[in-house]
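Quick caveat, the model's predicted, so the values are computed rather than measured. Each ligand, and each atom within it, is numbered from 1 in the order the structure gives.
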Amino acid sequence: MDTVTTPAVLILLGPPGAGKGTQARMLEERFGLIQLSTGDLLRAAVAAGTPAGLAAKTVMEAGGLVSDEIVLAILQDRMAEPDVTAGVILDGFPRTAGQAAALDALLAASGQKVTAAVSLDVDDEAMIARVAGRFTCAACGEGYHDSFKQPAVAGCCDKCGGVAFKRRADDTAETARARLDAYHAQTAPLIAHYRGMGVLRSVDAMDSIDTVASALGSIVEDVSA
Ligand code: AP5
């Protein structure tokens with residue numbers, strides 16, 4: 001594992017299918033940073049049937065954004081856990097101006113700030129295809145795709161050997177379009193916020209998974225040296 005000398009707070013910004021989750025897991029393995037995915041945290045709340053999960057379920061199924069109140073409560077709980085001191089990759093958060101302001105305030109309270117916000121630049125139509133073909137290992141969560149990333153041995157997870165796979169309920173072409181619309185309306189404006197803070201980086205996320213990973217790895221090394 002490569003080590004970072006300064007714990008980073010790295011944000012991955014990008015529409016559904018841009019590769020935020022794929023890349024966050026790779027950075028986690030390579031640098032020991034912790035992936036914090038608000039999508040994963042919300043899906044766990046839905047599966048557990050918590051009040052937050054019940055409130056989020058319908059919104060997620062329609063491809064809209066869950067309220068800032070619910071998302072911030074879930075994220076703050078996770079940020080309070082001790083492992084995050086190693087540095088974090090925020091995957092799918094922040095997604096609104098309110099979430100970005102709340103994150104800046106949360107970090108400032110402990111003398112921290114966003115180290116880098118990376119915009120994963122992609123083509124909208126390609127994103128629909130990526131999302132609609134996605135599946136994951138039911139045991140370890142490793143991500144795959146019908147066209148772009150099949151397991152090396154069909155039906156067997158490369159990472160853990162699991163043989164059961166699952167698809168997300170919101171990974172239909174119709175819902176992906178609604179999620180894309182929400183991204184452009186509410187999340188893409190954050191690119192200007194982070195440019196203004198002087199921490200914005202961009203990566204061409206239409207490149208292969210390994211090429212994108214290499215570009216992101218260079219950014220992590222650069223900002224945490
Ligand atoms: P979330 O789970 O965050 O979904 P998303 O942002 O729509 O992003 P995805 O997980 O669909 O895509 P990704 O960018 O991670 O791509 P991936 O790496 O999987 O959120 C789900 C819902 O929760 C939201 O719609 C909302 O309702 C709610 N929510 C979550 N956070 C919220 C917040 N902060 N505020 C409010 N609501 C919130 O890659 C996709 C596929 O493409 C994979 O199969 C992968 O193998 C493949 N792939 C990846 N990279 C490449 C590449 N370079 N080339 C070819 N294939 C690739």
> For D210, which residues count as a side-chain hydrogen bond (donor to acceptor under 3.5 Å, both in side chains) partner, sequence neighbours excluded?
Replying inline: none
>> Using the side-chain hydrogen bond (donor to acceptor under 3.5 Å, both in side chains) criterion, which residues pair with S119? Sequence neighbours excluded.
In response: D121
>> Heavy-atom contacts with ligand 1 below 4.0 Å: which residues, ordered by chain and residue number?
In response: P15, P16, G17, A18, G19, K20, G21, T22, T38, G39, L42, R43, M60, G64, L65, V66, V71, G92, F93, R95, Q99, R130, R134, Y144, H145, F148, R168, D170, R179, A205, D207, S208, I209
>> When you measure from the side chain of Q99 to the backbone of R95, do you find a donor-acceptor pair of N or O atoms at a distance under 3.5 Å?
In response: yes
> Got a donor-acceptor contact below 3.5 angstrom from the E174 side chain to the A62 backbone?
Replying inline: no
> Taking the inter-plane angle between the rings of F135 and Y144 on a 0 to 90° scale, is it parallel (under 30°), tilted (30 to 60°) or perpendicular (over 60°)?
Replying inline: parallel
> What pairs meet the side-chain hydrogen bond (donor to acceptor under 3.5 Å, both in side chains) rule with one or both residues in residues 187-199, with sequence neighbours excluded?
Replying inline: D104-H193
